[in-house]
Structure formats: C-alpha cells, structure tokens
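Structure first, commentary second.
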Amino acid sequence: MSSNPASLKQTHLWKACKSAKRHSAVEMANDRLRALEDVEKEIAVILQCAGNIVLELSKEKHNGGLLDRQLSQFIASVNRVESELSSQIRYLTQVATGQPHEGSTYSARKDCQMALNRAEYARVKLGELGRTCEILLDPQT
C-alpha cells in the first residue's frame, strides 16, 4: 500500500475521472430513455387520434372541424415520433460504428490516462532531481 502523496493524488484524479464519466453516461442514458418514453406517449396520442377519426368517419354525418383537428394532431404527432426515432437511430449508428458522439467516453478516458501518465512522469523526474540535489549538496561526498 503506497502512501506517497503523488500516488494518492494520482489515484484520486483517476477516481474523479471515472466518477465523472459514469455520471455523464448515466445522465445521457436517462435522457435517451426519457425521450423514448415521450415517443411511446406520442404513439398513444397517434392511436387515439386515429381511433377518433375512424369513429367520426363511421358516423352518417361527421363533424368536419373535429376531423380536421384530429388529423392535424395525428400528423404533428407522427412527425414528432419520426423525428425522435430518426435521432435515436442516428445516435445508435454512431455508437455502433465507433464514430465520435456525445455519449462517447473514449476521449475523456484517453485524456485522463494521459494526465495520469504525465503526473507519473513528473513524479519520477522530480524524484530523480531530488536525488541529484541531495548528492550535490551532501558535504560528505
């Protein structure tokens, strides 16, 4: 078990990087799930509108204003569902092909690893410099 302050700072930095990545990834996953829940609700609206339209058309004398409103809501809902599903598919395509995307943690992991490498290199070089100074300043040599 190392109690070296540089090693402890490095461990703390690594844990902080991992925690930030996990938090960000969880938030992003939750946002995507909420968007899909909204799509599900919008599909329910589409089905309700379609049912209302069919019901109104089955009547001998139908209300044109009601049909227009239901049809407008139906079309708007279909457009919203199509847009959100297209967005979800684009995101999944990026993730599946390894392209950079807002949910990618590769860059953050790489940055963290590089920072840890630089910190370790600086620690080693400072240790070497400290030993050199001790040798030069040691009057018994």
Which distance, rounded to the nearest 0.5 Å, do you find between the [atom1] of [X] and the [atom2] of [Y]?
{"X": "Asn30", "Y": "Glu37", "atom1": "CG", "atom2": "CD", "result": "9.5 Å"}
{"X": "Gln113", "Y": "Arg118", "atom1": "CD", "atom2": "CZ", "result": "10.5 Å"}
{"X": "Arg69", "Y": "Asn63", "atom1": "CZ", "atom2": "CG", "result": "6.5 Å"}

Tell me the closest heavy-atom pair linking Gln70 and Cys49, and the distance in Å.
OE1-CA, 3.3 Å
Do [X] and [Y] sit in the same hydrophobic cluster, where Ile, Leu, Val, Met, Phe, Trp and Tyr count as joined when their side-chain heavy atoms come under 4.5 Å apart?
{"X": "Leu66", "Y": "Val54", "answer": "no"}
{"X": "Leu126", "Y": "Leu116", "answer": "no"}
{"X": "Ile46", "Y": "Leu57", "answer": "yes"}
{"X": "Val45", "Y": "Leu85", "answer": "no"}

Among all residues two or more places apart in sequence or in another chain, which pass the side-chain contact (heavy atoms from CB on, under 4.5 Å) test with Ile43?
Val39, Leu47, Val81
State, with a plain yes or no, whether a side-chain heavy atom of Leu36 is found less than 4.5 Å away from one of Gln88.
yes
Within-4.5 Å side-chain heavy-atom neighbours: Ser58 and Leu55:
yes
Say whether, by atom type as modelled, one donor and one acceptor occur between the side chain of Ser72 and the main chain of Asp68 under 3.5 angstrom.
yes
For Thr93 and Ile89, indicate whether the former's side chain and the latter's backbone hold a donor-acceptor pair under 3.5 Å.
yes
State which residues pass salt bridge (charged side-chain N to carboxylate O under 4.0 Å, His left out) with [X]; sequence neighbours excluded, sorted by chain then number.
{"X": "Arg34", "value": "Asp31"}
{"X": "Glu56", "value": "Lys59"}
{"X": "Glu128", "value": "Lys125"}
{"X": "Arg80", "value": "Glu42"}

Take Glu84 and Asp38 through the test side chain to side chain contact (heavy atoms under 4.5 Å, CB included) and record every step on the way to the result.
CA-CA 9 Å; Glu84 183 57 37; Asp38 291 345; over 6 Å; no
Who clusters with Tyr121? Use side-chain heavy atoms, under 4.5 angstrom, across I, L, V, M, F, W and Y, and order the result by chain and number.
none
Assess whether a salt bridge exists between Arg131 and Glu134, defined as any Lys/Arg side-chain N lying under 4.0 Å from an Asp/Glu carboxylate O.
no
